[in-house]
Amino acid sequence: DTGVSQDPRHKITKRGQNVTFRCDPISEHNRLYWYRQTLGQGPEFLTYFQNEAQLEKSRLLSDRFSAERPKGSFSTLEIQRTEQGDSAMYLCASSLTGKGAFFGQGTRLTVV
Amino acid sequence: AQSVTQLDSHVSVSEGTPVLLRCNYSSSYSPSLFWYVQHPNKGLQLLLKYTSAATLVKGINGFEAEFKKSETSFHLTKPSAHMSDAAEYFCVVSDSTGNQFYFGTGTSLTVIP
């Protein structure tokens with residue numbers, strides 16, 4: 001399968017712990033996005049990379065959140081000192097400039 | 001600023017009858033518009049996209065959408081619903097740079113056997 005893959009699919013963590021998610025985009029795609037989706041809502045934009053450069057960050061991305069895309073390939077999203085409000089589905093997407101984005105299946109985070 | 005409004009949070013149709021999911025957009029420029037489908041516990045799948053070419057866009061699984069600038073609409077249709085179409089559908093607009101995608105709140109489609 002050459003789609004966007006995310007790992008892990010599910011993560012349960014205790015409040016205050018750090019978590020890291022990984023996204024592998026479609027190989028030729030230069031853009032990579034992170035979105036967050038809570039129950040009953042549409043996905044909300046978190047951040048976006050063009051190649052290895054992080055070009056935009058949403059106000060939703062507090063200082064506990066950090067995303068990287070070293071070498072312009074895979075990306076990681078880290079959440080430090082998790083809070084219950086961080087519980088959500090975290091979606092990664094990739095695209096070629098000007099084309100529609102292709103989404104991964106997401107990582108469901110539950111903070112207990 | 002750009003945004004989309006999905007006019008119905010829930011739509012129920014009988015199997016074999018037409019589907020209409022409504023979406024209105026707001027954009028200060030010629031927009032790019034998309035429809036995505038999300039099945040339970042699955043990721044988002046791109047159904048179709050409009051990027052200023054033909055106003056009637058055909059997508060996967062028999063879905064199509066028509067861009068109507070005068071009505072600022074991009075409604076999703078399918079002539080005959082199938083049980084497997086039951087899912088959440090999102091209308092999406094991108095910004096002028098294509099850097100961000102703005103999602104509607106979604107329409108949950110139920111197909112009644």
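A, B, ... follow the sequence lines: proteins, then strands. Residue 1 opens every chain.
- With ring centers used as reference points, B:Tyr102 lies 6.0 Å or more from A:Tyr35.
- Using a 4.5 Å cut-off between side-chain heavy atoms of Ile, Leu, Val, Met, Phe, Trp and Tyr, with links allowed through other members, B:Leu44 and B:Val57 fall into different hydrophobic clusters.
- Within a 6.0 Å radius of CG in A:Leu39, no more than 12 heavy atoms belonging to other residues, nucleotides or ligands are found.
- Contacts between B:Leu46 and chain A at a heavy-atom distance below 4.5 Å involve the side chain alone, from C-beta outward.
- Contact of B:Phe101 with chain A is made through backbone and side chain together, with heavy-atom distances under 4.5 Å.
- Other residues, nucleotides and ligands contribute only 12 or fewer heavy atoms inside 6.0 Å of the CD atom of A:Glu68.
- Both A:Ile26 and A:Tyr48 are members of a single hydrophobic cluster when ILVMFWY side chains are connected at heavy-atom separations under 4.5 Å.
- Atoms CD and CD, from B:Glu88 and A:Gln41 in turn, are 10.0 Å apart once rounded to the nearest 0.5 Å.
- Under the 4.5 Å side-chain heavy-atom criterion for Ile, Leu, Val, Met, Phe, Trp and Tyr, B:Val92 and A:Tyr33 are members of the same hydrophobic cluster.
- For a residue to count as touching a neighbouring chain, one of its non-hydrogen atoms must lie under 4.5 Å from one of that chain's; by this rule B:Gln45 does not touch chain A.
- The most heavy-atom pairs under 4.5 Å with chain B, out of A:Glu56, A:Arg108, A:Gln6, A:Met89, come from A:Glu56.
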Run the ring-ring contact (aromatic ring centres under 6.0 Å, His included) test on A:Phe103 and B:Phe103 for me, step by step, so that the C-alpha distance in whole Å, both residues' side-chain angles and the decisive distance to 0.1 Å come before the verdict. CA-CA 13 Å; A:Phe103 283 79; B:Phe103 283 74; 5.8 Å; yes
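- When heavy atoms are compared at a cutoff of 4.5 Å, A:Gln37 approaches chain B solely by way of its side chain, counted from C-beta outward.
- In terms of hydrophobic clustering, with Ile, Leu, Val, Met, Phe, Trp and Tyr side chains grouped at heavy-atom distances under 4.5 Å, A:Ile79 and A:Leu60 are assigned to a common cluster.
- In this structure, the side chain of B:Tyr36 engages the main chain of A:Ala101 through a donor-acceptor pair within 3.5 Å.
- A single hydrophobic cluster is not seen to contain both A:Tyr90 and A:Phe74; linkage of ILVMFWY side chains at heavy-atom distances under 4.5 Å, directly or through other members, places them apart.
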